Amino acid sequence: MKFKHIALATLLAPVALLAEEATLSSGDTAWMLVATALVMLMTPAGLALFYGGMTRSKNVLNTMGMSLIAFAVGTLVWVIAGYSIAFGEGDLIGTGKLFLSGIAADTLKGAIPELLFVAFQGTFAAIAVAIASGSMIERVKFSTFTIFSALWILAVYAPITHWAWGGGSTLNFGEMDFAGGTVVHINAGVAGFVVALMLGARKDYGKAAIKPFSPILTVLGAALLWFGWFGFNAGSEVAADGIAASAFLVTMVAGAVGAIGWLLAEWVVYKAPTLIGGASGVVAGLVAITPASGSAGAMGAIIIGLVGGVIGFIGVAKLKKLFKVDDSLDAFWVHGLVGIWGSLATAIFIASYAMKEDYNMISQLGSQAAAIVLTIVYSGLVTALVFYVSSLLTGGGRVDEETEQIGLDETTHGEKAINL
Amino acid sequence: MKFKHIALATLLAPVALLAEEATLSSGDTAWMLVATALVMLMTPAGLALFYGGMTRSKNVLNTMGMSLIAFAVGTLVWVIAGYSIAFGEGDLIGTGKLFLSGIAADTLKGAIPELLFVAFQGTFAAIAVAIASGSMIERVKFSTFTIFSALWILAVYAPITHWAWGGGSTLNFGEMDFAGGTVVHINAGVAGFVVALMLGARKDYGKAAIKPFSPILTVLGAALLWFGWFGFNAGSEVAADGIAASAFLVTMVAGAVGAIGWLLAEWVVYKAPTLIGGASGVVAGLVAITPASGSAGAMGAIIIGLVGGVIGFIGVAKLKKLFKVDDSLDAFWVHGLVGIWGSLATAIFIASYAMKEDYNMISQLGSQAAAIVLTIVYSGLVTALVFYVSSLLTGGGRVDEETEQIGLDETTHGEKAINL
Amino acid sequence: MKFKHIALATLLAPVALLAEEATLSSGDTAWMLVATALVMLMTPAGLALFYGGMTRSKNVLNTMGMSLIAFAVGTLVWVIAGYSIAFGEGDLIGTGKLFLSGIAADTLKGAIPELLFVAFQGTFAAIAVAIASGSMIERVKFSTFTIFSALWILAVYAPITHWAWGGGSTLNFGEMDFAGGTVVHINAGVAGFVVALMLGARKDYGKAAIKPFSPILTVLGAALLWFGWFGFNAGSEVAADGIAASAFLVTMVAGAVGAIGWLLAEWVVYKAPTLIGGASGVVAGLVAITPASGSAGAMGAIIIGLVGGVIGFIGVAKLKKLFKVDDSLDAFWVHGLVGIWGSLATAIFIASYAMKEDYNMISQLGSQAAAIVLTIVYSGLVTALVFYVSSLLTGGGRVDEETEQIGLDETTHGEKAINL
Amino acid sequence: MKKIEAIIKPFKLEDVKEALVEAGITGLTVSEVKGYGRQQGHSEIYRGAEYVVEFIPKIKIEIVVSTDEYADIAIKAIAQAAKTGKIGDGKIFVSTIDSVLRIRTDERNEEAL
Amino acid sequence: MKKIEAIIKPFKLEDVKEALVEAGITGLTVSEVKGYGRQQGHSEIYRGAEYVVEFIPKIKIEIVVSTDEYADIAIKAIAQAAKTGKIGDGKIFVSTIDSVLRIRTDERNEEAL
Amino acid sequence: MKKIEAIIKPFKLEDVKEALVEAGITGLTVSEVKGYGRQQGHSEIYRGAEYVVEFIPKIKIEIVVSTDEYADIAIKAIAQAAKTGKIGDGKIFVSTIDSVLRIRTDERNEEAL
Ligand SMILES: Nc1ncnc2c1ncn2[C@@H]1O[C@H](COP(=O)(O)OP(=O)(O)O)[C@@H](O)[C@H]1O
Ligand SMILES: Nc1ncnc2c1ncn2[C@@H]1O[C@H](COP(=O)(O)OP(=O)(O)O)[C@@H](O)[C@H]1O
Ligand SMILES: Nc1ncnc2c1ncn2[C@@H]1O[C@H](COP(=O)(O)OP(=O)(O)O)[C@@H](O)[C@H]1O
């Protein structure tokens, strides 16, 4: 949302924003109520299904459970301390809003109630750690992941958010990240990769065919993610105005061409466009447009999303094999790698009407790169630390061999995905 | 929504509301259009899946069909007579708006069109009877339930709503019920319990293992319920303002901690946090916060929701066994019992900024208790009467033994949940 | 949306609309952001599930894939050229907005950003061609359908939209089509029928029992369609006002009574109300109300929807057998035939407060009929041409016998709907 | 050694299992099958079409026992527990088994049962 | 008495059933199995991996008949109806059944069929 | 000819198949069954109730071979590959097959295998 402050004045400024005394806009508030609900839906429904459908039948519930618990625990730590760290006062770290102290129902943030802004940003924190869960499935302990979720949001997500959107200028390099390309996607992708590395590969990885439970769930999940992403991107404008409309349209376009890109790539390589590929392409396209959603035009979105879909496929089908890391549901490749593309592309594809006169692409690319590197380094290191602590607290982060082989649904949850 | 009128003046009052002549607010209308759609989704999608997933495979479609028909029939009787009974003029009973007479597209209710208010409130009526269906599954006749839905909304739901939100003061005890803790949840829970008692237990109840068809559906259903509940609670403000924002945030928090509470309780008792438990905990947390959603703060919501989740688990896993009633999907325990907790808690946990200066907790607890007792007594008695009539009209309310044993999907609907 | 311009002045006119200089309304924009998201959800989620659930297990993914690709390709061609053809300047055909040229983030369409209007209308184009896919399932080539989607939107959908909503008066007969009864439903139904005729019947059609994969998906799909239809109908007002509220309420009512009508008809004929029937009835009721949603009152909606449900059932269960055409998922019968009923009913059932003083029902019925005939003829002919071309480009539009027999999920996509 | 294969109605599985356990049978294998016979299937309905489902869900139980006496005991237990007296109750087939091996212990024949 | 077990291609089930009914066979039991043999499985694709599915869906039909003639009739009917001439058409195995019991009536052996 | 029926733990299927292929067995049929025996089932939990699942998922493998030697080879391969040493490893049953027909070619008996 950083970029918003730069570009806003040149565009449609909602009247209220310029008024001397801030007043609540019921239109903006109406939109943000909905946008928050949309982003909320992404985690316990969208991601739970998207990931659950790609998991083996013996672990589907466990995978869905991780999205659910990520949202539950994430929400709790967010209102207790996460929001304060991310959006409290301070240069390197925010303070002063623990337990949401000082925020009443009539406290405003721009033209909307701050309590609503708290909720909106909380849904981002929760989905970030839920995205990372995709790298850990079928072997991480449920207890370990639960603790990890809480710690990661406080120690990794909230600080990075503070630097990008909430705080001072020391660690803000002027990057354009309208809706969380760096903050959410690169961050979560890197975190997932690091944990996958620490956990080690699943026993069957690379040996047996790992069949996804049901592409039906994955497609439905991707559709719900897309639906929610309108809140994610257009909601990041925090107003119902022309930029929100533009962000909405490019979100629609990028998801569409992301699917086309991935399917075309699959068709060239395997002669078979898969549903899981189409769903993954939607997500890749959406990841790619996220940082650019407030600045790119529809034609830029076509390129960003299409390339995003192709890069996602290449990452998953080719580059992944160069590493030995069992990033099980490809959080790094689909969110991290494509997120990097999106962040760089943000500096390149800007709608003519959104570009400032003195815009310098090279220097902006530098800002983007700096933010990417900061995120990778910080997220990589602190995630490792946080996961190490979470493992210690739960007697090791990985289930035993027999549990892995029987499946976590039966062993951890005492349930079965489907009883015919 | 009663409480709203009390607290509103002390908070953010949308400009239009205070204006001499009421005018339509497009922001409030925008929010209420969406809020109504959100609550609508709760019944034929959210509850249908939440309940369907916990039903045995031979009855899944029948269970889902009850939610669908509840919404269909409920909507029909609501516009014909239910709205008039609930929100027409009158002390004990509303009149004058049969067939929505006198309401045109430009008739306002506050700052939104009254037709929209009709739709919003109609979704509440429908979900109430659909919640009660959970107590009756796997044995009630589809025809009986269909007739029951219509009669119950007219004879039970609409009057109780009138007393709480629509009408005079004789049966309104000044209780705080922002979004329907008493009106919807306690009411529906009691109704379900009474019908379960009248129907008798399923043949297999307590004998054979009754396996839920798929926790996947239950989790998805809970996520959609949660999503819709933002409309339910924050929509009950009937405006896009600070109280709506606060109601939104506490809805997010209470669902989250409800899940945590239930899962923790399961983990302590069974050493296994289940997905159905997590989903049930979300619902329990949401039920608990419903009456308090316009007045509690986020920290109050943590307590209300967490305790709600734990009480839900205790009700289902322990208290239920003290009774012989086969409340099959626990409508009473999750909506009734937790609803009582929520109603009492509403008087206890009030955000500092929402509390009136002369607030007296003890007297408010009395009001809450009075409303609870009235609801239990009236709903209990009239539900019994209504179900008795519905059974008479359909030649008995329960399917025969063979039908029960084969399953209602095949016998009543001629369909199968899944054809592999 | 044509009718809106006629009726608007007599109803609630949002202040901004009458103002000399157009300004953005954040309330209207908030609503349209959401309405667009709602309609978007209808295609890759609602229709994909509604159709997927009725497909045999060996083709479920392929059917869902058609909805997904329809939305992806539809969005792409819409922003490139479709929007220009439909909403550009011109009497018979629109021009001047290729690649959305000339539309910036602050360009308004009424009181909302034009970019948002582009997105909103794009979702209509996509769902129209996805509806038609229901007639082609289990035998059309995925590649053929992909190309067909693109061409059909440009050559069939966009021109018809232009005449009804976007353009001059030569081919606009003054018909009332608030939300696309003719433009979307009759059009798509006819297109599906024509392609089904050209493709020929499935090998098993009329021979073997064709079992739907899962009514669960179909019911969930119908619920999501209904949810999205609030955006479809109430969004067609392009404002959050009294007409939008009225359109919302009648959408709720018509879906409800559509289900009741279809289920009653099934119960009379087969003694079994099916879930697929209930879901189909919801859709039939919604199709019927679509053109009338801006003008009918709730009581009119009861008749329109109920009859719509019954006609849908009669079409599918009786009339269809008079033809030899394997309109596999009944796009013509549920969207075309019921759409015709809805279009004629629009002229008959008008809320008293929405009827102009000089309203002449007979002449309006003539306008409706003229628009229906134009749509059938144009859509019928040009769809045939477009499908012929698409077949040519892909070496024939139908898969070979063995592929049909094995199923398209395995052969085309290399996937399986569910791996237990 | 004898193998007993019984085709029964699905909802009788629990009763049959209990009868067998009471009769001293401690091992069995169950599978889901579909039967075609005298019993009429129900009709399913799908959007304007009603069709009869000819294959009816059944459960197959397989039990290998060491002696003819055990076989008789098992047959009697199954027949009694599975009977409803209505068409479709199912059949019991008996055949001969040449040898048995318990994988875990390498025990053979009678000892393996 | 003889038991005939046939492994066939799933889409041939309807044809085989009709051929059997025409040949006078009125009872049979069907189950879903997976076969491994000469027939090559198709490949499935999953996010950057293509793997061959070696186990191919097949249908197993079991029929118990009273005489060798009936067995021959049934075998002929199945073989004819199930044949496509392509690899994977399946096999028919015949074995001996010692006794049969119809649960509903307690009829035994030939009478039970 | 002999028929070998083996009940094994599901996760051992891949290993057993490979062992059989290495031993020269090129055809087999697999089905999903549920077993009841000494092995204790796990417990499932459902809203305030914990119950033991008595029927445990197993895989049944059926192989028809032409000679007793082949039968021994197959049994050995299965027994070795399926063994974990824990309760529930399963059993192998051997019986006699009277005749075999390959549907595709009408070959009979040994030639059909
Ligand atoms: N000849 C047969 N061979 C194999 N299975 C049979 C045979 N006859 C019947 N069955 C099985 O037994 C079941 C019950 O048979 P059916 O004729 O319907 O009733 P009943 O057992 O009462 O005579 C059938 O569904 C089928 O699975
Ligand atoms: N020796 C065997 N024992 C058991 N089943 C077998 C055997 N050989 C083949 N089958 C079954 O028969 C099916 C067809 O065999 P396959 O070798 O693929 O083709 P064909 O029947 O044309 O020779 C296999 O999928 C398997 O189910
Ligand atoms: N007498 C029997 N007849 C048929 N199947 C049996 C028999 N005994 C055991 N089985 C099958 O073998 C499986 C393993 O048997 P079990 O007693 O649990 O362990 P183990 O094989 O180690 O002795 C059972 O689950 C069941 O499927």
Side-chain angles (χ1 to χ4, degrees), chain A residues 23-34 36-38 40-41 43-45 48-49 52 60-62 64-65 68-69 71-76 79-80 99-100 104-108 112-119 122-123 142-143 217 220 240 409 412-420, chain B residues 11-12 14 25-31 34-35 38 56-57 211-216 219-220 222-224 226-227 230-231 234 239-246 248-249 252-253 255-260 263 270 272-276 278-279 281-282 297-299 302 351-354 418 420:
Chain A
T23 54
L24 181 140
S25 155
S26 70
D28 293 346
T29 302
W31 166 232
M32 293 309 296
L33 285 165
V34 185
T36 308
L38 290 174
M40 171 269 169
L41 191 67
T43 304
L49 292 173
V60 175
L61 297 179
N62 183 255
M64 294 182 71
L68 183 64
I69 205 70
F71 191 83
V73 166
T75 297
L76 182 59
V79 296
I80 290 176
F99 300 99
L100 308 184
D106 58 358
T107 310
L108 295 187
I112 70 163
E114 183 165 1
L115 288 176
L116 182 52
F117 187 73
V118 172
T123 60
F142 194 66
S143 52
L217 300 187
L220 176 56
D409 288 1
T412 301
H413 306 292
E415 290 174 300
K416 217 165 159 303
I418 193 159
N419 285 301
L420 293 174
Chain B
L11 284 169
L12 282 176
S25 155
S26 69
D28 293 346
T29 302
W31 166 231
V34 185
L38 290 174
R56 280 178 291 183
S57 59
K211 295 192 193 179
F213 174 61
S214 174
I216 295 173
V219 169
L220 177 56
L224 291 175
W226 201 348
F227 180 60
F230 292 120
D241 60 16
I243 295 178
S246 176
F248 190 108
L249 180 64
M252 185 164 139
V253 169
V257 293
I260 293 172
L263 289 170
Y270 297 121
T274 69
L275 273 281
I276 286 188
V282 166
M299 297 307 128
I302 293 178
S352 55
Y353 52 80
I418 193 159
L420 292 175

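Below, each value reflects all heavy atoms present in this structure, side chains not excepted, and no hydrogens, waters or symmetry copies. Proteins come first, then strands; the chains are lettered A, B, ... in the order of their sequence lines, and each starts at number 1. Since the model is a prediction, treat every value here as computed from it, not as a measurement.
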Cut-off 4.5 Å, heavy atoms of chain A, and the answer for B:Met252 is both
dist B:Leu263:CG -> A:Phe142:CZ (nearest 0.5 Å) comes out at 6.0 Å
Worksheet item: How far apart are the C-alpha atoms of B:Leu224 and A:Leu41, what are their side-chain angles, what is the distance that settles it, and do they pass the side-chain contact (heavy atoms from CB on, under 4.5 Å) test?
Response: CA-CA 7 Å; B:Leu224 291 175; A:Leu41 191 67; 4.0 Å; yes
Correct closest heavy-atom pair for B:Gly242 and A:Leu24 would be N-CD1, 4.0 Å
One should read off an interatomic distance between B:Trp226 CH2 and A:Met40 CE, to the nearest 0.5 angstrom, of 5.0 Å
One option among A:Leu116, A:Leu76, A:Asn62 has the most heavy-atom pairs under 4.5 Å with chain B, and it is A:Leu76
Closest non-hydrogen atoms of B:Ala244 and A:Leu33, given as atom of the first, atom of the second and distance, are O-CD2, 4.0 Å
Whatever's closer than 4.5 Å to a heavy atom in chain B on A:Ala104 counts as both
- Message: Could you tell me if the side chain of B:Val282 sits less than 4.5 Å from the side chain of A:Leu68, heavy atoms only?
- Response: yes
Cut-off 4.5 Å, heavy atoms of chain A, and the answer for B:Ile216 is both
Output for pair (A:Leu115 CG, B:Ser246 OG), nearest 0.5 Å, gives 5.5 Å
| query | Are any side-chain N or O atoms of A:His413 and backbone N or O atoms of B:Pro273, one a donor and one an acceptor, separated by less than 3.5 Å? | reply | yes
When the 4.5 angstrom heavy-atom criterion is applied to A:Thr36 and chain B, the contacting part is both
If one checks every heavy atom of A:Thr123 against chain B at 4.5 Å, the contacting part turns out to be both
Bottom line for A:Leu38: the part with an atom under 4.5 Å from chain B's heavy atoms is both
Okay, A:Leu420 and chain B: the region with an atom under 4.5 Å from a heavy atom over there is both
Honestly, the part of B:Phe213 sitting under 4.5 Å from a heavy atom of chain A is both
All heavy atoms of A:Ala37 vs all of B:Phe248, minimum pair found to be N-CZ, 3.4 Å
Under 4.5 Å to a heavy atom of chain A? For B:Ala351 that would be neither
Okay, A:Val79 and chain B: the region with an atom under 4.5 Å from a heavy atom over there is both
Under 4.5 Å to a heavy atom of chain A? For B:Ile418 that would be side chain
Sub-3.5 Å donor-acceptor pair from the side chain of A:Glu415 to the main-chain atoms of B:Pro215, do we have one? no
Here the pair of heavy atoms bringing A:Thr29 nearest to B:Asp241 is CG2-N, 4.1 Å
Turns out that what part of B:Val257 lies under 4.5 Å from chain A's heavy atoms comes down to side chain
message = So does B:Lys211 get a backbone contact from the side chain of A:Asn419, meaning a donor-acceptor N/O pair under 3.5 Å?
response = no
Turns out that what part of A:Leu61 lies under 4.5 Å from chain B's heavy atoms comes down to both
Here the pair of heavy atoms bringing B:Ala223 nearest to A:Ala45 is CB-CB, 3.8 Å
I'd like to check A:Val34 versus B:Trp31 (side-chain heavy atoms, cut-off strictly below 4.5 Å). Are they in contact? yes
message = Checking the side chain of A:Thr75 only, and the main-chain atoms of B:Ala256 only, is there a donor and an acceptor separated by less than 3.5 Å?
response = no
Residues B:Ala30 and A:Ala30: closest non-hydrogen pair is CB-CB, 4.3 Å
